[in-house]
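Only a predicted model underlies this, so the values are computations on that prediction, with no experimental measurement involved. Below, read A as the first sequence line, B as the second, and so on, with proteins coming before strands; counting in each chain starts at 1.
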Protein chains: 2
Amino acid sequence: MRKHKDLLAVLRHNRQRVTPARRFLLQFFIDNHGRSLSLPEIQTFLQDRLPGINRSSIYRNLEMLKTLSIVQELRVDRKGRHYQFVFERPVHHFIICKACGKVSKGKRNFFEQVERALQDIHDFKKANLSVTFYGFCSRCRSD
Amino acid sequence: MRKHKDLLAVLRHNRQRVTPARRFLLQFFIDNHGRSLSLPEIQTFLQDRLPGINRSSIYRNLEMLKTLSIVQELRVDRKGRHYQFVFERPVHHFIICKACGKVSKGKRNFFEQVERALQDIHDFKKANLSVTFYGFCSRCRSD
DNA sequence: CACACTAATGCATCATGTTGCAAATAGTAA
DNA sequence: TTACTATTTGCAACATGATGCATTAGTGTG
């Protein structure tokens with residue numbers, strides 16, 4: 001489980017400066033590591049603590065965290081991105097039920113099978129930080 | 001291989017009306033079935049033939065074609081969506097090389113393995129029309 | 001602690017998507 | 001053909017996301 005201090009070290013190691021916005025952002029992700037956070041929810045949180053923070057700063061910081069593989073971006077539906085804290089490595093795929101909206105983390109087993117198939121069949125390697133699958137979970141199916 | 005006339009039938013069957021914009025759009029996809037079309041390219045094409053056509057009509061029509069599984073939307077990079085005509089069934093996954101940008105259609109074999117893993121391991125079914133994988137193809141790797 | 005260097009922020013502006021509503025138009029039946 | 005109805009379109013307004021640039025503020029050094 002990754003801690004706030006460790007993450008600040010990751011930033012510094014990548015020549016990224018530790019600003020107030022980034023501290024709050026990381027803390028927010030850590031405190032909610034079990035679930036993915038919607039963009040509005042992140043915005044509200046930050047604007048609460050740093051009144052007047054600019055939209056573009058939020059976008060740019062989330063983009064940066066993505067680049068450093070600290071968070072993953074998911075598209076839950078057409079509008080609305082979510083951000084998932086990568087709190088353990090290696091990262092996983094995500095599976096979203098189109099009916100109930102539940103976001104599940106793909107099992108390691110699944111991740112490995114997909115990666116292996118990608119490499120064996122298509123000669124693609126170390127392809128993804130994550131892939132998001134949309135489907136219907138067993139509870140939302142009648143069959 | 002799906003023909004213009006067949007696609008119009010699909011529209012009608014789904015109570016979608018056949019408008020000039022939709023005729024042109026479908027023809028454009030058919031004429032370029034080998035590759036995915038960027039949104040700007042689609043816009044230019046339509047605005048050429050239907051001067052004054054509104055942005056929202058284009059978005060709405062592409063959305064409709066997605067819903068009917070006539071096209072698939074791909075995100076090639078952060079900005080910029082592409083649309084891929086589903087010219088044969090069953091549909092496939094797509095694999096995009098982050099280095100050279102090449103869009104490959106996933107092999108049937110790969111598609112099946114992924115779907116099977118998704119079902120066996122996560123009990124998700126008939127999950128996706130398509131999934132897009134990002135990675136590095138053999139030509140862009142040094143190993 | 002003060003300074004210099006560079007990266008991050010705010011701001012303004014632009015680009016891209018979305019949405020509600022009135023007007024236009026495709027499908028349908030007489 | 002005409003008239004009717006429901007869908008699609010254009011439009012306007014809004015929401016979201018991206019970008020160049022001047023200013024501000026972290027960070028390392030002396």
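Distances shown here put a side-chain N or O of B/Arg81 below 4.0 Å from the OP1 or OP2 atom of C/dG17. Under 4.0 angstrom from either OP1 or OP2 of C/dG17 there lies at least one side-chain N or O belonging to B/Tyr59.
With hydrogens and angles ignored, the 3.5 Å screen pairs a side-chain donor or acceptor of B/Arg22 with a backbone N or O of B/Arg17. Judged purely by atom type and a 3.5 angstrom limit, B/Lys107 uses its side chain to pair as donor or acceptor with the backbone of A/Ile121. In terms of modelled atom types and a separation under 3.5 Å, the side chain of A/Asn14 and the main chain of A/Gln16 share no donor-acceptor contact. No side-chain donor-acceptor contact under 3.5 Å links A/His122 to the backbone of B/Gly106. Side-chain atoms of B/His4 come within 3.5 Å of backbone atoms of B/Arg23 as a donor-acceptor pair (strictly under, hydrogens ignored).
Ion pairing between a basic and an acidic side chain is recognised when a charged N comes within 4.0 Å of a carboxylate O; B/Lys66 and B/Glu63 show such pairing.
Partners of B/Arg55 by salt bridge (charged side-chain N to carboxylate O under 4.0 Å, His left out), not counting sequence neighbours: none found.
Atom-to-atom, CG of A/Leu68 to P of C/dA8 comes out at 10 Å; the value is rounded to the nearest Å. Counting to the nearest Å, the C1' atom of D/dT8 and the CZ atom of B/Arg15 are 16 Å from each other. Rounded to an integer number of Å, the gap from CZ of A/Arg55 to P of C/dA12 is 12 Å. Rounding to whole angstrom units, NE2 of residue A/His82 and P of D/dT16 are separated by 13 Å. When the P atom of C/dA22 is taken as reference, atom CG of B/Asn54 falls 17 Å away, rounded to whole Å. Taking atom CG of residue A/Leu25 and atom C1' of nucleotide C/dA8, one finds them 14 Å apart after rounding to whole Å. If you measure from atom CD1 of A/Ile58 to atom C1' of D/dG17, you get 12 Å, rounded to the nearest angstrom. Taking atom CE of B/Met64 as the reference point, atom P of C/dT18 lies 15 Å away to the nearest angstrom.
B/Arg22 comes within contact range of the sugar-phosphate backbone alone, with a heavy-atom separation under 4.0 Å but no base atom that close.
The side chain of B/Ala21 approaches D/dT9 more closely than any other nucleotide in the set D/dT16, C/dA8, D/dT9. Here C/dT9 is the nucleotide among C/dG10, C/dT9, D/dC11 with the atom lying nearest to any side-chain atom of A/Asn61.
Applying side-chain contact (heavy atoms from CB on, under 4.5 Å) to A/Phe29 and the options A/Asn32, A/Leu25, A/Asp31 leaves one that passes, A/Leu25.
Of all heavy-atom pairs spanning A/Ile53 and A/Ala21, the tightest one is CD1-CB, 3.8 Å.
Along DNA chain C, the nucleotide closest to A/Ser56 and the one closest to B/Arg60 are compared, and the more 5′ of them pairs with A/Ser56.
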**Complete:** Once base and sugar-phosphate atoms are separated, protein heavy atoms under 4.0 Å mark nucleotides 22-30 of chain D, 5' to 3', with B, S and - as ---BBS---

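A heavy atom lying under 4.0 Å from DNA chain D marks none of the residues of residues 35-47 of chain B.
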